[in-house]
Amino acid sequence: MEPVAKRPCQVQDELSAELDAVVNQFVSTGKPLYIENYINGNFTKPEKYMDSFNPATGQVHCKVPDSQAEDVNAAVAAADAAFANWSSTSRQQRSTLLNRIADAIEANLDIFALAESRDQGKPLWLAKKVDIPRAVYNFRFFAGAILYHTERSTTLDEQGSVNFTIRTPLGVAGLITPWNLPLYLLTWKVAPALATGNTIVAKPSEMTSLTAYLLARVMAKLEVPAGVCNFVFGTGPNVGAPLVEHPRVPLISFTGGTVTGKRISQLAAPQHKKLSLELGGKNPAIIFGDVDVDHVVSETIRSSFTNQGEICLCTSRIYVHSSIFDEFLEKLVAAARAMTVGDPLQDGTRVGALVSKEHLAKVQSYVDIAREEGGTVRCGYGVDDLDVPASNTNGYFMRPTVISQLEDTSRCVMEEIFGPVIVVLPFTETDDVVARANSTDYGLSAVIWSKDGSRAHHVAERIHAGTVWINCWMVRDLRMPFGGVKGSGTGRESAVESIEYFTEVKTVCTKYA
């Protein structure tokens, strides 16, 4: 007699118990969790491990595989072998699986959110409200998008023929993701890659590997076919580079720093690999004199300091019209000082811990540079006392920092800091502020605040950025293209653009007469 298949609710209950046990293993005991690679449907222990720290306490809370090229080779071989069967499944089958993955994450939202907060340092409420729901939505979004994607067709009457396009998956997709929005951005790549029929080898950041490991546990429990999804944990040189250079990986999707993006381009170029690079940003906010100052101060606090400023879309150069500059700066400093910095697990915390001791030192060094360059630190690091609970005194915390009186050539104005540090600068003329906003090597996003809609749209057209928000920030329609220009990357991601990126287009011509 064949075994009786488990009911979906039974699988879900077993998965919840499994994930809860994994997370509570280190939460309740204080002992580090040993993460394993997930290759060809099996969890495998590496030869070596690295320490992964809880940013809020400075304590080791996970041991992450220090994987090597041979682990990448094994994962690529598994993904390559699974590709033929997976790519032959129907869109409906793949859509159904993506929805099941979404359901599993959603059913365990609290577990995923706690893991993300402890691993990355972000406030728990933020992980619950934004990161994990967005991860769920990523799977559901592409589960629907793949069913309703349409192709092009033309007719040549004089030739008696019809031309149409079809799209086919490429093979093994190499996915490399950052530490700031770990599950959010990992699933933004995994979902479209799987939906379009590719298999994957993913390399999450070695600093924030926990929720990727939990996602692998979800894949295993839902019996995603062996080899379709593989997760190899480790560093860029030991895992990322071999993945990019592997001859059986035809495409690489990377989100991270601009320096690393340049290196990936160099490694991929000899094999003409397909690349999608979402890189850094030095995003301007342009605030005209006709705005509601209190409202825009509140929104600028949010756009600058959410997730400790560790979002590639955060505003870091705040250009304020001279007619309201003094009032705006005074209120902005007061609002920044009022933000609660501390234990990410507490509901009242608005600024959690930066991701690592090294990153904290880097961000703080830019404030020192600002002082050397003649800037005035209005609040934050070096000005205001940092008061955190006793259990967090070894964590990587920093108060939101506002700097003024810097020249446009300052390193703090021109370079990406990626932390809770912003520079506020006055402007008078529209043409001047547009030129200044466009003066960096980056072009990811921008924000414009004005009650004059015509002026705002005219300025938006002139800003060198992939996304411009007018009178809002971080309003995202996943149907619309997302990506950067200049040093902020190449390629676009969205319903249409992601499906096109993860497939190869082919034209078929049929003669009917």
Side-chain angles (χ1 to χ4, degrees), residues 79-102 137-175 187-201 224-225 227-229 247-254 268-278 461 466-467 476-485 489-513:
D80 197 30
F83 174 67
N85 284 338
W86 178 248
S87 60
S88 66
T89 58
S90 69
R91 293 184 181 190
Q92 183 62 65
Q93 288 173 303
R94 298 195 296 268
S95 174
T96 298
L97 179 60
L98 263 59
N99 276 317
R100 290 182 64 207
I101 296 170
Y137 186 62
N138 286 341
F139 280 108
R140 289 190 176 145
F141 179 79
F142 283 104
I146 195 62
L147 295 180
Y148 306 113
H149 183 78
T150 58
E151 290 299 328
R152 296 164 57 191
S153 176
T154 61
T155 300
L156 291 173
D157 293 335
E158 64 278 12
Q159 298 291 333
S161 64
V162 173
N163 287 271
F164 60 92
T165 59
I166 58 175
R167 289 194 166 271
T168 57
L170 282 83
V172 181
L175 313 179
T187 56
W188 182 234
K189 298 181 186 300
V190 171
L194 295 181
T196 48
N198 298 280
T199 54
I200 69 162
V201 176
V224 174
V228 170
C229 295
R248 297 300 297 169
V249 179
L251 73 161
I252 298 291
S253 179
F254 170 77
Q271 298 182 55
H272 309 289
K273 292 178 185 267
K274 203 171 185 181
L275 290 181
S276 173
L277 305 175
E278 197 270 275
E461 290 177 354
T467 297
R476 289 276 286 116
D477 183 341
L478 302 190
R479 295 169 297 180
M480 300 303 291
F482 175 79
V485 300
T490 181
R492 293 292 183 270
E493 298 171 320
S494 74
V496 173
E497 280 77 8
S498 292
I499 289 174
E500 290 181 349
Y501 170 72
F502 283 105
T503 56
E504 199 67 78
V505 66
K506 181 185 300 181
T507 298
V508 178
C509 178
T510 300
K511 193 169 180 63
Y512 60 82

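Because only heavy atoms are used, hydrogens play no part in the values below, and waters and symmetry mates are left out as well, while side chains stay in. This chain uses plain numbering: 1 for the first residue, then up along the sequence.
In this structure, Q93 contributes its side chain and S90 its backbone to a donor-acceptor pair below 3.5 Å. Side-chain N or O atoms of K273 include one that pairs as donor or acceptor with a backbone N or O of V249 at under 3.5 Å.
Taking SG from C229 and CG from L194, the interatomic distance works out to 4.0 Å, rounded to the nearest 0.5 Å. Separating the OG atom in S498 from the CG atom in N138 is a distance of 9.5 Å, to the nearest 0.5 Å. Here the straight-line distance linking atom CZ of F83 with atom CG of N198 works out to 6.0 Å at 0.5 Å rounding. C509 SG to K511 NZ: the interatomic distance, rounded to the nearest 0.5 Å, is 8.0 Å.
Counting heavy atoms from C-beta on, the side chains of S276 and E493 come closer than 4.5 Å. Contact check for Q271 versus P247: side-chain heavy atoms found under the 4.5 Å cut-off. No side-chain heavy atom of L251 sits under 4.5 Å from any side-chain heavy atom of L275. Side chains of M480 and S494 form no contact here, defined as non-hydrogen atoms less than 4.5 Å apart.
Considering all non-hydrogen atoms of both residues, L98 and A195 come closest at CD2-CB, 3.8 Å. Between A193 and I200, the closest heavy-atom pair is CB-CG2, 3.7 Å. A191 approaches F139 most closely through the heavy-atom pair CB-CD2, 3.8 Å.
Remark: aromatic rings of W188 and F482 are distant, center separation not under 6.0 Å.
If you check the side chains of K189 and S253, you find a donor sitting under 3.5 Å from an acceptor.
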Test side chain to side chain contact (heavy atoms under 4.5 Å, CB included) on V162 and S153 and set out the steps.
-> CA-CA 7 Å; V162 173; S153 176; 3.8 Å; yes
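Considering only residues two or more places apart in sequence or on other chains, Y137 meets the ring pair (Phe, Tyr, Trp, His ring centres under 6.0 Å) condition with F141. Applying the side-chain contact (heavy atoms from CB on, under 4.5 Å) rule to N99 yields the partners S95, R140, A143; only residues at least two apart in sequence or on another chain are considered. Residues passing the side-chain contact (heavy atoms from CB on, under 4.5 Å) test with R91 are R94, I146, L147, H149, sequence neighbours excluded. Partners of S88 according to the side-chain contact (heavy atoms from CB on, under 4.5 Å) rule, which considers only residues two or more places apart in sequence or in another chain, do not exist here.
Few gaps surround CZ on R476; more than 12 heavy atoms of other groups in view lie less than 6.0 Å from it.
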N/O donor to acceptor pairs below 3.5 angstrom from side-chain atoms of residues 163-175, sequence neighbours left out:
residue	atom	partner	partner atom	Å
T165	OG1	E151	OE1	2.8
T165	OG1	R152	N	3.1
R167	NH1	E500	O	3.4
R167	NH1	T503	OG1	3.1

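Listed by first and then second residue, the ring pair (Phe, Tyr, Trp, His ring centres under 6.0 Å) pairs involving residues 489-513 amount to none (not counting sequence neighbours).
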